[in-house]
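Note sheet for the following structure.
FYI, the numbering just counts along the sequence from 1. Worth knowing before you read on, the calculation uses all heavy atoms, side chains too, and leaves out hydrogens, waters and symmetry mates.
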Amino acid sequence: MVVVIEKKYDRRKINRQIRDMKPAKVFDPTRFAGKIQWDEEPLVFQKRIRDEWN
């Protein structure tokens, strides 16, 4: 994230604005945990896919 600060603001006002900023929305992967049904073991799948590169 980039914040442009104009020179006309003093240090206290800048610090107050930074403190009052809300964090950006973050992707929550826990909503999707356990939703994919695999037909094979994940490690076997990973090895098979990596062998395709050779």
Just list the side-chain donor-acceptor pairs under 3.5 Å for residues 24-32, sequence neighbours left out, or say none.
residue, atom, partner, partner atom, Å
Asp28, OD1, Thr30, N, 3.4
Asp28, OD1, Thr30, OG1, 2.6
Asp28, OD2, Thr30, OG1, 3.1

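The NZ atom of Lys47 sits 11.5 Å away from the CD atom of Glu41 when rounded to the nearest 0.5 Å. Note that CG of Asp51 and CD of Gln46 are 10.5 Å apart. Values are rounded to the nearest 0.5 Å. Summarising the geometry, atom CD1 belonging to Ile14 is positioned 11.5 Å from atom NZ belonging to Lys7; distances are rounded to the nearest 0.5 Å. Distance check, rounded to the nearest 0.5 Å: CZ of Arg19 to CG of Asn15 gives 7.5 Å.
A single hydrophobic cluster is seen to contain both Tyr9 and Ile18, as judged by linkage of ILVMFWY side chains at heavy-atom distances under 4.5 Å, directly or through other members.
Within 6.0 Å of the CD1 atom in Ile36, the count of heavy atoms belonging to other residues, nucleotides or ligands does not exceed 12. Arg48 CZ: more than 12 foreign heavy atoms inside a 6.0 Å radius.
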